[in-house]
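Here is the structure we will look at, set down as structure tokens.
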Amino acid sequence: MPPVIKNVAIAGATSTTGAPIFNALIATNIFHLTVLTRKGSKHIFPNGVAVKHVDYSSVPELTEALKGQDALINTTNIVESIPQINLIDAAVAAGVYRYLPSEYGLNNNKPEIGELPIFKAASEGLKHMREKCAASGGATTYTDVHNGGLLDWGFETGFTGILLHQRVITLYDEGCNEIAYTTREWLGKAIVRVLTHPEETANRPVYIANTYANQKKLFALSQEVVGDQGWTVKHLNTDVMFAESMTKLKSGDIGMESLLDFIHVADNNPKYETRWEKDDNELLSIPRFSDEDIRAVIKRLV
């Protein structure tokens, strides 16, 4: 029988994915939480949460910080290679039973996605994780969680291509590619349920989705909420975006905006991502959203 997971450490608890996961863990009141945060961080965490300031470049330091932990949730930035490698090395060295890598998005198990520069560190981290866990002889196990796009965050930031308040939509390749979307709230709840179902989720990827949608569907639902008049429609080609971003990368002139363009490419070009072949909603009790549920998400933002 797998051990009961009680002591849980989280690295990157204030990140876009880390914050909702941390909040979901807090809300259960069943875990003893430890936050790993960078040295010099001034963030204040709730009473009862242990805080350890660490150097992600030091495996011995991370190992010491992880002693006594049953699980480690990595929510650090996926473009940073050092945490993706060192955190799993430290987890194995410290005898942590379950490791969750910094995924929480597209399926980095697909070679095509792993080849995109923004996902390279995460993809290499997954490979390293599987090797380390296998070498541990079962002492350390893993679960990589894939939730597709963050539905509410995508509307808030315009990352869906839809700017609700400005009534502007940028359609990538005509907006026809359908992928998974999950809200931050349900991502957090899914992580809790992974930890409370350790046997069923051991040493495998987990796929969740509140909905499967393409841009055209999300645009139509947005128009139902805010009105269908006065919209500006723009178009971008993901093959062109990919080529332009690769040119910048090779010349050494690439910023975060160009790196994020690779995510738009993956989201909207079926060469990279499509809807999950099979999801784990039933196992983790993740609800499938109706159109009205999606409209409710949009309404909360406008």
Cluster check Ile162, Val233: I/L/V/M/F/W/Y, side chain < 4.5 angstrom
yes

If hydrophobic clusters are built by linking Ile, Leu, Val, Met, Phe, Trp and Tyr wherever their side-chain heavy atoms come under 4.5 Å apart, do Ile21 and Leu150 end up in the same one?
yes

Is it the case that over 12 heavy atoms from other parts of the model lie below 6.0 angstrom from the CG atom of Leu171?
yes

Check the surroundings of atom CD in Glu292: do more than 12 heavy atoms from other residues, nucleotides or ligands lie under 6.0 Å from it?
yes

Quick one: do Phe45 and His43 satisfy ring-ring contact (aromatic ring centres under 6.0 Å, His included)? Show the steps, please.
CA-CA 6 Å; Phe45 293 94; His43 194 89; 4.6 Å; yes

Would you find more than 12 non-hydrogen atoms of other residues, nucleotides or ligands less than 6.0 Å from Lys234 atom NZ?
no

Any salt bridge linking Lys271 with Glu115? Criterion: basic side-chain nitrogen under 4.0 Å from a carboxylate oxygen.
no

Hey, what do you get for OG1 (Thr63) to CG (Asp89), rounding to the nearest 0.5 Å?
8.0 Å

Is there a donor in the side chain of Arg130 and an acceptor in the side chain of Asn109, or the other way round, less than 3.5 Å apart?
yes

Say you draw a straight line from CD1 of Ile10 to OG1 of Thr75; how long is it, rounded to the nearest 0.5 Å?
4.5 Å

Taking every heavy atom of Ile298 against every heavy atom of Ser222, the minimum-distance pair comes out as CD1-OG, 3.7 Å

Heavy-atom side-chain contact between Trp186 and Leu151 under 4.5 Å:
no

Interatomic spacing from CG in Leu62 to NZ in Lys67 - rounded to 0.5 Å:
12.5 Å

On the 0 to 90° scale, with breaks at 30° and 60°, tag the Phe159-Trp153 ring pair as parallel, tilted or perpendicular.
tilted

So, for Pro198 and Leu195, which heavy atoms are closest and what is the spacing to 0.1 Å?
CD-O, 3.6 Å

Could you check Val49 against Ile26 for side-chain contact (heavy atoms from CB on, under 4.5 Å), going step by step and ending with a plain yes or no?
CA-CA 9 Å; Val49 175; Ile26 287 281; 3.7 Å; yes

Measure the spacing between CG of Leu218 and CD1 of Ile169 and express it to the nearest 0.5 Å.
8.0 Å

Does the side chain of Phe22 come within less than 4.5 Å of Pro46's, by heavy atoms?
yes

His235-Tyr172 aromatic ring centre distance below 6.0 Å:
no

Check: Thr201/Arg98 side-chain N/O donor and acceptor closer than 3.5 Å
yes

Specify whether His146 and Tyr207 have parallel, tilted or perpendicular ring planes, treating 30° as the upper limit for parallel and 60° as the lower limit for perpendicular.
parallel

Sidechain-backbone polar pair: Thr37 side chain, Ser41 backbone, donor-acceptor under 3.5 Å:
no

Residues, nucleotides or ligands: over 12 heavy atoms within 6.0 Å of Lys248 NZ
no

Under 3.5 Å, is there a donor-acceptor pair linking the side chains of Thr238 and Asp173?
yes

If you group Ile, Leu, Val, Met, Phe, Trp and Tyr by side-chain heavy-atom gaps below 4.5 Å, do Met129 and Val8 land in one group?
no

More than 12 heavy atoms from other groups under 6.0 Å of NZ on Lys52
yes

So CG of Leu36 and CG of Leu87: to nearest 0.5 Å the spacing works out to 7.0 Å

Would you mind reporting whether Cys133 and Ile88 have side-chain heavy atoms less than 4.5 Å apart?
yes

Arg184/Glu156 salt bridge by N-O under 4.0 Å criterion:
yes

With no hydrogens and no angle check, do the side chains of Asn74 and Tyr99 hold a donor and an acceptor under 3.5 Å apart?
yes

Test side-chain contact (heavy atoms from CB on, under 4.5 Å) applied to Asn7 and Phe31, step by step:
CA-CA 6 Å; Asn7 299 321; Phe31 301 109; over 6 Å; no

May I ask you to decide if Asn107's main-chain N or O and Glu273's side chain share a donor-acceptor pair within less than 3.5 Å?
yes

Evaluate ring-ring contact (aromatic ring centres under 6.0 Å, His included) for Phe289 paired with Tyr181, printing each intermediate quantity in order.
CA-CA 10 Å; Phe289 280 8; Tyr181 283 95; over 10 Å; no

Between Glu124 and Lys127 (salt bridge meaning N to carboxylate O under 4.0 Å), is one present in this structure?
no

Is any side-chain heavy atom of Asp144 closer than 4.5 Å to one of Val206?
no

Looking just at side-chain N and O atoms, do Arg288 and Thr211 make a donor-acceptor pair shorter than 3.5 Å?
no

Does Tyr97 belong to the same Ile/Leu/Val/Met/Phe/Trp/Tyr cluster as Ile73, with side-chain heavy atoms less than 4.5 Å apart forming each link?
yes

Have Tyr212 and Asp279 got a donor and an acceptor in their side chains that come within less than 3.5 Å?
yes

Decide, yes or no, whether a salt bridge links Lys6 with Asp70 under the criterion of side-chain N to carboxylate O below 4.0 Å.
no

Test: Asp152 and Arg300 ion pair at under 4.0 Å:
no

Using only atom types and a distance under 3.5 Å, with no angle test, would you say the side chain of Ser15 pairs donor to acceptor with the backbone of Gly12?
yes

Between Glu200 and Leu283 (side chain of the first, backbone of the second, donor and acceptor by atom type, cut-off under 3.5 Å), is there such a pair?
no

Evaluate Thr143 against Val145 for side-chain contact (heavy atoms from CB on, under 4.5 Å), listing each step before the verdict.
CA-CA 6 Å; Thr143 308; Val145 177; 4.2 Å; yes

Any luck finding a side-chain donor-acceptor pair between Thr76 and Gln84 under 3.5 Å?
yes

Can a donor-acceptor pair be found, under 3.5 Å and without considering hydrogens, that links the side chain of Thr28 to the backbone of Leu25?
yes

Report whether Leu249 and Val240 are members of the same hydrophobic cluster (ILVMFWY, side-chain heavy atoms less than 4.5 Å apart, transitive linking).
no

Thinking salt bridges, do Glu80 and Arg38 make one under a 4.0 Å N-O criterion?
yes

Under a 3.5 Å threshold, yes or no: a donor from one side chain and an acceptor from the other, between Asn269 and Asn177?
no

Looking only at atom types and distance, does a side-chain atom of Thr141 sit under 3.5 Å from a main-chain N or O of Asn203, one as donor and one as acceptor?
no

Is it true that Arg204 and Asp280 have a side-chain N and a carboxylate O under 4.0 angstrom from each other?
yes

Side chain to side chain, Asn108 and Glu103, heavy atoms closer than 4.5 Å:
yes

Just so I know, are the side chains of Ile191 and Leu187 near enough to count as touching, which here means a heavy-atom distance under 4.5 Å?
yes

Shortest non-hydrogen contact between Ala180 and Trp276, atoms and distance:
CB-NE1, 3.4 Å

Ignoring hydrogens, what is the shortest heavy-atom contact between Pro287 and Asn210? Give both atom names and the distance.
O-ND2, 3.0 Å

Decide side-chain contact (heavy atoms from CB on, under 4.5 Å) for Tyr272 and Lys110; before the verdict, give the C-alpha distance in whole Å, the side-chain angles of both, and the deciding distance to 0.1 Å.
CA-CA 8 Å; Tyr272 300 99; Lys110 295 178 72 171; 5.9 Å; no

Can you see which heavy atom on Leu221 is nearest to which on Arg295, and at what distance?
CD2-NH1, 3.5 Å

So which heavy atom on Pro117 is nearest to which on Leu259, and how close?
CB-CD2, 4.4 Å

Does Val226 reach the side chain of Trp231, with side-chain heavy atoms less than 4.5 Å apart?
yes

Please tell me if the side chains of Phe119 and Ile78 come closer than 4.5 Å, counting only heavy atoms from C-beta onward.
yes

